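Heavy atoms only: backbone and side chains are in, while hydrogens, waters and symmetry mates are out. Because the structure is a prediction, the values reported are computed rather than measured.
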Amino acid sequence: MLAPTLLGHAGGPALEGEVNGALVADAVERAMDDAGFATAHLVGNSAGGYVALQLAARGRAESVVAFAPAGGWARGDDSFRELLAFQASMHEQAKMSAPHAEAILAAADGRRRATRLIVTNFEHIPIELLAHQLLGVAGCKGALPMIEYAIREGYDLDAGRIACPVRMVWGTEDRLLPWPSAAARFREDWLPRADWVELDGIGHCPQLDVPLEAAQLILGFTAR
């Protein structure tokens, strides 16, 4: 198993030079090469889901399970720019909150505020994991340049080259990439024949929201 931290994210390779739409996928592809994986069953959430689909288009995937992947707004729907600008402001808020993470997360209402955009169920998530996540968001030094690039250039996917099985999973209560508008291009243009799974009442990160069900959705698909 390989679980690489994405380029520009806390703990991952540093983002250097000019940003483009292939940089993150290039870095994961190098990590796969270094680990000896020609292909693999790929799983990703949000930006990671989009990167998994990019790698599938390069022939590096046996299958893909993508949880609410980024980049799926309909052609001509510019609402994604406003949403990405909001995500940039979230990053700035995380940097201000990080020094106070322990105090913020000590109370249930603090944990709810810290998770309200990513899960509907938060009570079972360990405080240590939430603190790690908050610090990780704050330490994502590549966030702003990558968001600025996406606002300016949008997203593209060579979906016609994806030959492997794909499962797309989306929570109907996703507040970061709202269902179904943020999935429109995947559903109508790029991947209409994918295996689509809607999770009623679940948020942006099913692996945190309903971890057992998320694991079953992965294993049940990759085992086929």
Side-chain angles (χ1 to χ4, degrees), residues 1-61 64-73 80-102 104-105 114-115 117-118 125-126 128-158 176-177 182 204-205 207-208:
M1 185 178 74
L2 178 67
T5 301
L6 297 184
L7 181 81
H9 291 62
L15 179 64
E16 298 175 346
E18 187 174 345
V19 176
N20 64 60
L23 273 183
V24 180
D26 290 345
V28 176
E29 192 164 23
R30 287 193 296 271
M32 291 178 67
D33 291 340
D34 292 343
F37 288 102
T39 59
H41 295 285
L42 304 181
V43 181
N45 175 219
S46 201
Y50 175 68
V51 170
L53 294 169
Q54 286 182 302
L55 291 169
R58 301 181 184 189
R60 301 302 300 262
V64 172
V65 178
F67 293 100
W73 293 269
F80 77 93
R81 292 188 167 90
E82 181 179 346
L83 182 60
L84 288 172
F86 171 66
Q87 292 183 14
S89 71
M90 285 173 48
H91 174 65
E92 293 302 312
Q93 291 173 14
K95 288 197 294 184
M96 291 187 291
S97 299
H100 313 289
E102 185 176 342
I104 291 171
L105 299 171
T115 57
L117 293 175
I118 58 172
I125 305 175
E128 295 79 6
L129 177 57
L130 294 178
H132 180 75
Q133 179 173 273
L134 177 55
L135 295 173
V137 173
C140 184
K141 296 181 179 179
L144 294 182
M146 288 191 288
I147 289 172
E148 289 166 0
Y149 175 85
I151 289 173
R152 186 173 65 252
E153 301 294 338
Y155 293 84
D156 197 16
L157 180 68
D158 193 358
L176 274 184
L177 296 179
H204 182 63
C205 298
Q207 71 276 17
L208 294 175

For Phe80, all residues meeting ring-ring contact (aromatic ring centres under 6.0 Å, His included), sequence neighbours excluded: Trp73
Taking side chain as C-beta onward, heavy atoms only, is [X] less than 4.5 Å from [Y]?
X      : Y      : result
Met90  : Val137 : no
His204 : Leu117 : no
Ile125 : Gln133 : no
Leu144 : Tyr149 : no

With sequence neighbours excluded, what pairs up with [X] under the side chain to side chain contact (heavy atoms under 4.5 Å, CB included) test?
X      : result
Val24  : Leu6, Leu7, Val51, Met146
Arg30  : Asp26, Ala27
Pro4   : Leu2, Val28, Ala31
Asp156 : Trp190

Contact list for residues 6-15, test salt bridge (Lys or Arg N to Asp or Glu O under 4.0 Å), sequence neighbours left out: none
Residue pairs fulfilling salt bridge (Lys or Arg N to Asp or Glu O under 4.0 Å) with at least one residue in residues 137-149, sequence neighbours excluded: none
Main-chain N/O of Ala57 paired with Asp158 side-chain donor or acceptor, under 3.5 Å: no
Determine the minimum heavy-atom distance between [X] and [Y], stating which atoms define it.
X      : Y      : result
Pro145 : Leu15  : CG-CD2, 3.7 Å
Thr39  : Gly59  : CG2-O, 3.5 Å
Ala98  : Ala138 : CB-CB, 3.7 Å
Leu84  : Ala150 : CD1-CB, 3.7 Å
Ala52  : Leu42  : O-CD1, 3.7 Å
Gly136 : Ala10  : O-CB, 3.5 Å

Partners meeting side-chain hydrogen bond (donor to acceptor under 3.5 Å, both in side chains) with Thr5 (sequence neighbours left out): none
Partner set under side-chain hydrogen bond (donor to acceptor under 3.5 Å, both in side chains) for Glu29, not counting sequence neighbours: Arg58, Arg60
Ring pair (Phe, Tyr, Trp, His ring centres under 6.0 Å) contacts touching residues 13-56 (sequence neighbours left out): Tyr50-Tyr155
Selection residues 6-24 - residue pairs positive for side-chain hydrogen bond (donor to acceptor under 3.5 Å, both in side chains), sequence neighbours left out: none
Within residues 90-100 or reaching into it, pairs that qualify as side-chain hydrogen bond (donor to acceptor under 3.5 Å, both in side chains) - sequence neighbours excluded: Glu92-Lys95
Once you round to the nearest 0.5 Å, how far does [atom1] of [X] lie from [atom2] of [Y]?
X      : Y      : atom1 : atom2 : answer
Ile147 : Cys140 : CD1   : SG    : 7.5 Å
Leu134 : Ile104 : CG    : CD1   : 6.0 Å
Leu83  : Leu177 : CG    : CG    : 6.0 Å

Crowding at CD, Glu102 (>12 non-hydrogen neighbours, <6.0 Å): no
side-chain contact (heavy atoms from CB on, under 4.5 Å) between Val64 and Val43, worked out: CA-CA 6 Å; Val64 172; Val43 181; over 6 Å; no
